[in-house]
Amino acid sequence: MGHKYMPHSEEDIREMLKKIGVESIDDLYSDVPEEVIFHKEYAIPSALSEIELRKHFDELSKKNKPLIIFGGGGAYDHYAPSVVPHLLSRSEFYTAYTPYQPEISQGTLQYIFEYQSIISQLTGLEVSNASMYDGATAAAESMFMLVASAKKKNRILISATVHDHVRRVIETYAKFHGVDYSEIPEKDGVSDLEQLEKELERGDVAGVLLPIPNKYGIIEDYTGVADKIHGSKGYLAMYADPSTLAVLKTPGEWGADVACGDGQSLGMPLSMGGPYLGFISCGKAMLRKMPGRIVGATKDIDGKRGYVLTLQAREQHIRREKATSNICSNQSLMALYATIYVALLGEKGLMEVNKLACDGAHYLYDKLLSTGKFEALYNKPFLKEFVVKTSLDVEKVNSFLLEHDIMGGLNLGEGRLKFAVTEKRTKEEIDNLVKLMIEA
């Protein structure tokens, strides 16, 4: 069949209306007050033929301006092999929703199981959910897990070096859930761990959220932190970039109880901000506190391996007001994206992605400092993202770069610029960026 989706025919509509006992579609809206019904003509363009529609969208696409991206801040321009969107666009994946019925959903359940296994391996924690809207909401849900586990404590501490947009979402969630939100100040680009210790001494901290890497791209040292938090009867969560966990110490290795973050760095396109993929993983002790879905492997009556949704009772669609979370829509299409991407690259591929990004970022960092127009702001280790300070007019520089189809560093104010370099950026692109910035 040439068409993937077919609209209802007039005969289909008549048959459905007859089945439910009404004369027309208008009868379905008989309970709607007349004064709120719109009776004018809708401002909708006339129908177009297929060739006219293609030309129309071609013209619209010409308004887009593809850029060479040197910005980051939680969304990164990583490369995904062409087979990923190809497989993702298959109709059985595109139209699939929640796999309630395992007898007809084995394919969907299997790839969710594989996704969970990948996230658990990357984070170093035992179980993972599938899945959340984005990293910020996953972080907020993680903090509620810590509060629920700590019981009589209601205070959470968030490092100021966690991405700003993530902290704002957590603060909003906390306000309307009656959770006491506080921040750990930053000191020289990293979390002030001395201040964290003082806060823990109060004895009222349910949980702490720390980043890997932090919002400046810095890889912070959390040696002994988990022990101090656990010693105060609190819990530790870490907000992580999952791509970097292929080479960095994992949340599990740091002693975290929960890991969360955004899977966008696993090859997902920037796409004007979405859709992205929020993930949460944790140890078995917090399994029943975790929102989202969990797929488990089992055996059928014939002893063959099969997959099912497990622990559904904590979901909104089952327990409603008693549910752990109100996040119910399944983000499994993006979970499939991450699964295909990681399966294609494998351990060696993910390590190579990080090596190329690291080499490129340090090359750009050294080139900028060598111009004499930029200076180091934090003398700390970084992987693919860093901050420098300049006396140049940042807005003017970035506007000039846009004229040359380049998105420059993110303006942090006070002459601070944050750059991110992924495996997609070439030496020629980096050299051209530096040249243009000096010209500006």
Side-chain angles (χ1 to χ4, degrees), residues 65-79 159-167 185-192 211-221 239 241 243-244 247-248 264-265 270 353-440:
K65 189 175 183 180
L67 301 176
I68 297 171
I69 308 294
F70 283 96
Y76 304 97
D77 188 27
H78 285 288
Y79 172 75
S159 173
T161 62
V162 171
H163 290 294
D164 296 346
H165 66 281
V166 175
R167 287 186 287 113
E186 63 177 79
K187 185 177 181 181
D188 195 23
V190 296
S191 309
D192 188 341
I212 307 175
N214 74 17
K215 68 180 184 180
Y216 300 121
I218 297 170
I219 303 165
E220 298 194 34
D221 183 1
Y239 188 89
D241 173 348
S243 175
T244 67
V247 295
L248 297 182
Q264 184 277 332
S265 63
L270 294 171
V353 163
N354 281 280
K355 181 181 185 305
L356 291 170
C358 183
D359 289 347
H362 283 80
Y363 177 72
L364 174 57
Y365 181 77
D366 292 339
K367 288 282 287 186
L368 290 173
L369 297 187
S370 70
T371 65
K373 301 289 185 180
F374 299 86
E375 60 181 276
L377 190 59
Y378 306 117
N379 187 25
K380 301 286 194 307
F382 64 88
L383 185 62
K384 65 182 178 185
E385 196 167 20
F386 62 87
V387 179
V388 290
K389 192 167 185 178
T390 181
S391 58
L392 299 174
D393 186 329
V394 174
E395 289 297 327
K396 179 182 176 182
V397 168
N398 279 344
S399 295
F400 184 70
L401 291 174
L402 277 176
E403 293 174 9
H404 291 79
D405 299 337
I406 296 173
M407 177 183 174
L410 302 181
N411 186 0
L412 303 184
E414 300 176 340
R416 297 176 301 159
L417 267 171
K418 179 163 66 174
F419 292 93
V421 179
T422 67
E423 77 284 1
K424 288 178 67 174
R425 301 286 72 85
T426 65
K427 178 179 181 296
E428 291 74 22
E429 289 173 343
I430 294 173
D431 289 339
N432 187 45
L433 170 73
V434 176
K435 174 176 170 290
L436 290 171
M437 292 182 75
I438 299 304
E439 287 182 12

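Below, each value reflects all heavy atoms present in this structure, side chains not excepted, and no hydrogens, waters or symmetry copies.
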Backbone N/O of L412 and side chain of R416: donor-acceptor pair under 3.5 Å: yes
Spacing of T371 atom OG1 and M437 atom CE [to the nearest 0.5 Å]: 8.0 Å
Whether R425 side chain and A420 backbone form a donor-acceptor pair below 3.5 Å: no
Rounded distance (nearest 0.5 Å) linking atom CG of L433 with atom CD1 of I438: 9.5 Å
E403, CD atom: more than 12 neighbouring heavy atoms under 6.0 Å: yes
Side chains of V421 and I430 in contact at under 4.5 Å (non-hydrogen atoms): yes
K435 bridged to D431 by N-O distance under 4.0 Å: no
Euclidean distance, E385 CD relative to K418 NZ, rounded to 0.5 Å: 5.0 Å
Proximity of Y365 and F382 rings by center, below 6.0 Å: yes
Polar contact flag, side-chain donor to acceptor under 3.5 angstrom, E220-T161: yes
Test side chain to side chain contact (heavy atoms under 4.5 Å, CB included) applied to M407 and L401, step by step: CA-CA 6 Å; M407 177 183 174; L401 291 174; over 6 Å; no
Given D241, N354, T244, the one that forms side-chain hydrogen bond (donor to acceptor under 3.5 Å, both in side chains) with K384: D241
Shortest non-hydrogen separation from L248 to P213 and the atoms involved: CD1-CG, 4.0 Å
Side-chain donor-acceptor pair present, K367, H362, cut-off under 3.5 Å: no
Under 3.5 Å side-chain donor-acceptor pair for T390 and E375: no
Verdict with reasoning, L368 to F419, per side chain to side chain contact (heavy atoms under 4.5 Å, CB included): CA-CA 11 Å; L368 290 173; F419 292 93; 3.7 Å; yes
pair K380-V190: side-chain heavy atoms closer than 4.5 Å: yes
Derivation and outcome, salt bridge (charged side-chain N to carboxylate O under 4.0 Å, His left out), residues K215 and E186: CA-CA 11 Å; K215 68 180 184 180; E186 63 177 79; 3.8 Å; yes
Verdict with reasoning, V394 to L417, per side chain to side chain contact (heavy atoms under 4.5 Å, CB included): CA-CA 8 Å; V394 174; L417 267 171; 3.5 Å; yes
Sub-4.5 Å side-chain heavy-atom contact between F374 and L392: yes
Q264: partners by side-chain contact (heavy atoms from CB on, under 4.5 Å), with sequence neighbours left out: A75, Y76, D262, M268, L270, Y276
Verdict with supporting geometry, D359 and K355, salt bridge (charged side-chain N to carboxylate O under 4.0 Å, His left out): CA-CA 6 Å; D359 289 347; K355 181 181 185 305; 2.9 Å; yes
Derivation and outcome, side chain to side chain contact (heavy atoms under 4.5 Å, CB included), residues T422 and Y79: CA-CA 8 Å; T422 67; Y79 172 75; over 6 Å; no
Side chain proximity check, D77 to F70, heavy atoms < 4.5 angstrom: no
I68 CD1 to N432 CG distance, which is reported to the nearest 0.5 Å: 7.0 Å
Over 12 foreign heavy atoms within 6.0 Å of CG, N379: no
Straight-line distance of I406 CD1 to F400 CZ, nearest 0.5 Å: 9.5 Å
Distance (rounded to the nearest 0.5 Å) between K424 NZ and I69 CD1: 8.0 Å
Ring pair (Phe, Tyr, Trp, His ring centres under 6.0 Å) assessment of Y216 paired with Y378: CA-CA 9 Å; Y216 300 121; Y378 306 117; 5.1 Å; yes
Exceeds 12 heavy-atom contacts within 6.0 angstrom, atom NZ of K65: yes
Donor + acceptor pair across side chains of S265, S243 (<3.5 Å): no
